[in-house]
Amino acid sequence: WLKEYTQRSDGLRCTALFCKIVKISIRSFAFFTVKDRLPTILTKVIDTIHRNKNAFFKQHGEEGIKAEKGAIAILSKLRNELQTDKPVLPLTDGRVDMDMWNQYMQRQQALLGDSEPPSWFKSSWLYVECYMYRRIQEAIHLNPPISDYDAFRDGKVQSFFESQQAIMAICTYLCGVHKNIDDLSEEQLLEHFIKLLQVSLWGNKCDLSISAGQENSQKSSPLDSLGALKPFILVDDTSMVWPVLMNSRVAAGPVQSAARVVYVLDNAGFELITDLVLADYLVASKLASEIHFHGKSLPWFVSDTTRKDFDWTIKQTLAANHMWMSKCGVRWKSYLKDGTWSYHDHPFWTLPHEFCDMAADAPDLYAELQKADLIIFKGDLNYRKLTSDRKWDHTVSFKKALRGFHPAPLCSLRTLKADVQVGLQAGQGETLIAADPNWMTSGKYAVIQFCSALQND
């Protein structure tokens, strides 16, 4: 994959640009992110590493203290570069994706058409935000023996434990469904599917990168709030997602479904539990026979799911002092053991690339996604990459905004936390702006958007 990428020199991969990329203009949410949220996140990372110096010393001796100081020095310099709008710098850590990042920096300059090198406030928002998280990983990687340290882990763990009541509620609900799942009618199956899809959707509100690492857990049962939240779902394509799963179930017969679902994860903590619950339901109801989860290969955007987070969450659920949580954990471990569930973490997911670049820049990943009957993309960052983080008119179709990216039928579950949204009805965006100027960034609204290869624009 890396060799094929580095040998390419044909510039932009996507089809023609339909509209402007989201840049960092004053008073925009992107400007607020780079000016305020990103430095706050960097400061928290520095503080977290410093607070753990005794643990580094206990585990690694003086080398641990040296590594702590080295990482903090690099991160402090990075924070200054950001706040003073210095040019972005090439990566130097030698990781497998280093050359791809450095080539993308050159592509970024060509994309922006600037004579000056890309800098923190004179680049696309998507690029510099991803770049900051990659530079954090570089700072840690360059300082062994703490090269594998996850500076965001404490926040993810805290979010999980602070959401215990909500986790218990949805695990209890799922186990109740399991008791007679083989006897459910299609109408009943759909009813449970709608509930758990919406639970997973609203689980996306628990995003530590938006709250700049501040506590952002789920305290109460989301099942009790679904009715009240329904008016805030701006686009609901559930009725288009359902036939994809149901047709696979019917075609495979009553014994086993042939459907493969790819589930591209977002946040760890409570949101991950909502994703696992939905995935469990898909398997138990024979709407899917295998679930391929895709997460991040690096700690990313504060709370994104890594393999360690995924494994830890299932282990904690299994060990919980709550019968239905524990039963879920036992079942999820069994799914992983027998291959019904699997976890993948391709490096492409932690690149700044738009997804319409995937077929050219990560053809192996694109080919893997093509095997799916349905792909579920969770969260705001995935949505921004799906739609190329462009300033689309709100009425542009979801399919058009995908710019040719369509390995398989796909569904995006997202609460709105960025300045991009497509697929709305005429006048809907204007009505929302009049009622709530921050409707695109507050996390108050959500979408369930579907695109099939058979759809027309």
Side-chain angles (χ1 to χ4, degrees), residues 41 44-45 47-48 51-52 55 133 148-175 196 198-225 263-281 291 293-333 335-336 341 343 345 378-381 413 415 417 443:
I41 289 168
K44 285 184 175 293
V45 170
D47 290 346
T48 298
R51 286 200 314 270
N52 278 274
Y133 287 101
D148 296 326
Y149 177 69
D150 182 354
F152 304 128
R153 175 170 170 75
D154 291 349
K156 290 181 281 190
V157 169
Q158 180 182 354
S159 175
F160 175 84
F161 285 118
E162 289 181 345
S163 302
Q164 288 297 287
Q165 292 301 316
I167 293 171
M168 290 176 190
I170 59 173
C171 286
T172 301
Y173 176 87
L174 176 64
C175 289
L196 293 178
Q198 290 183 14
V199 167
S200 177
L201 170 69
W202 292 112
N204 183 239
K205 292 185 75 171
C206 300
D207 187 334
L208 293 174
S209 71
I210 296 299
S211 62
Q214 296 292 330
E215 182 272 321
N216 194 8
S217 56
Q218 178 74 30
K219 297 294 195 300
S220 59
S221 170
L223 292 160
D224 299 334
S225 307
Y263 210 122
V264 185
L265 299 166
D266 192 12
N267 298 298
F270 176 72
E271 182 178 358
L272 177 57
I273 291 289
T274 68
D275 298 331
L276 298 177
V277 166
L278 176 57
D280 187 338
Y281 176 73
I291 310 288
F293 294 100
H294 285 251
K296 304 301 194 296
S297 57
L298 303 169
W300 202 246
F301 274 64
V302 184
S303 50
D304 282 16
T305 302
T306 65
R307 181 181 293 274
K308 286 183 179 179
D309 300 325
F310 187 86
D311 293 340
W312 179 88
T313 299
I314 292 178
K315 183 178 179 181
Q316 289 297 317
T317 307
L318 193 155
N321 188 25
H322 181 271
M323 181 171 63
W324 303 122
M325 272 185 70
S326 182
K327 279 185 176 293
C328 286
V330 170
R331 196 162 52 246
W332 298 345
K333 183 179 179 181
Y335 287 156
L336 288 168
W341 285 5
Y343 182 90
D345 54 4
K378 285 300 300 291
D380 212 58
L381 179 59
L413 305 179
T415 57
K417 300 182 286 279

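Distance check: Q164 CD to N321 CG gives 10.5 Å after rounding to the nearest 0.5 Å. Atom CZ of R331 sits about 8.5 Å away from atom SG of C171, to the nearest 0.5 Å. From Q158, atom CD reaches atom CZ of R153 across 13.0 Å, with rounding to the nearest 0.5 Å. A distance of 12.5 Å separates CG in L318 from OG1 in T313, rounded to the nearest 0.5 Å.
In this structure a side-chain-to-backbone donor-acceptor pair under 3.5 Å is missing from S326 to H322. Counting only distance, with no hydrogens or angles, the side chain of T274 and the backbone of E271 share a donor-acceptor pair below 3.5 Å. In this structure a side-chain-to-backbone donor-acceptor pair under 3.5 Å is present from T305 to D266. Panel note: side chain K378, backbone G203; no donor-acceptor pair is recorded below 3.5 Å. Proximity of a side-chain donor or acceptor of S159 to a complementary backbone N or O of G155 within less than 3.5 Å is not detected. A donor-acceptor distance shorter than 3.5 angstrom exists from the side chain of K417 to the backbone of N204, with no hydrogens or angles considered.
Partners of D345 under the side-chain contact (heavy atoms from CB on, under 4.5 Å) rule, at least two apart in sequence or in another chain, are S297, R307, Y343. In this structure, the side-chain contact (heavy atoms from CB on, under 4.5 Å) partners of D154, at least two apart in sequence or on a different chain, are T48, N52. Among residues two or more places apart in sequence or in another chain, the side chain to side chain donor-acceptor pair (under 3.5 Å) test is passed with Y281 by none. For L223, the side-chain contact (heavy atoms from CB on, under 4.5 Å) criterion is met by I170, Y173, V199, S221, L226, not counting sequence neighbours. For T306, the side chain to side chain donor-acceptor pair (under 3.5 Å) partners at least two apart in sequence or on another chain are D309. Q316 pairs by the side-chain contact (heavy atoms from CB on, under 4.5 Å) definition with F160, F161, W312, not counting sequence neighbours.
Counting only N and O atoms by type, the side chains of Y133 and D304 include no donor and acceptor under 3.5 Å apart.
Of all the heavy atoms in G443 and K205, the pair that sits closest is O-CE, 3.3 Å. Of all heavy-atom pairs between V45 and A151, the closest is CG1-CB, 3.8 Å.
The side-chain heavy atoms of F152 and P299, taken from C-beta on, include a pair separated by under 4.5 Å. The closest side-chain heavy-atom distance from S200 to V277 is not below 4.5 Å. Taking the side chain as every heavy atom from C-beta outward, Y335 and I291 never approach each other to under 4.5 Å. Between F310 and W332 the shortest side-chain heavy-atom distance does not fall below 4.5 Å. The side-chain heavy atoms of L336 and I314, taken from C-beta on, include a pair separated by under 4.5 Å.
The aromatic rings of W341 and F293 lie perpendicular to each other, with more than 60° between the two planes, well past the 30° mark.
In this structure, K308 does not pair ionically with D150, as no charged nitrogen and carboxylate oxygen lie closer than 4.0 Å.
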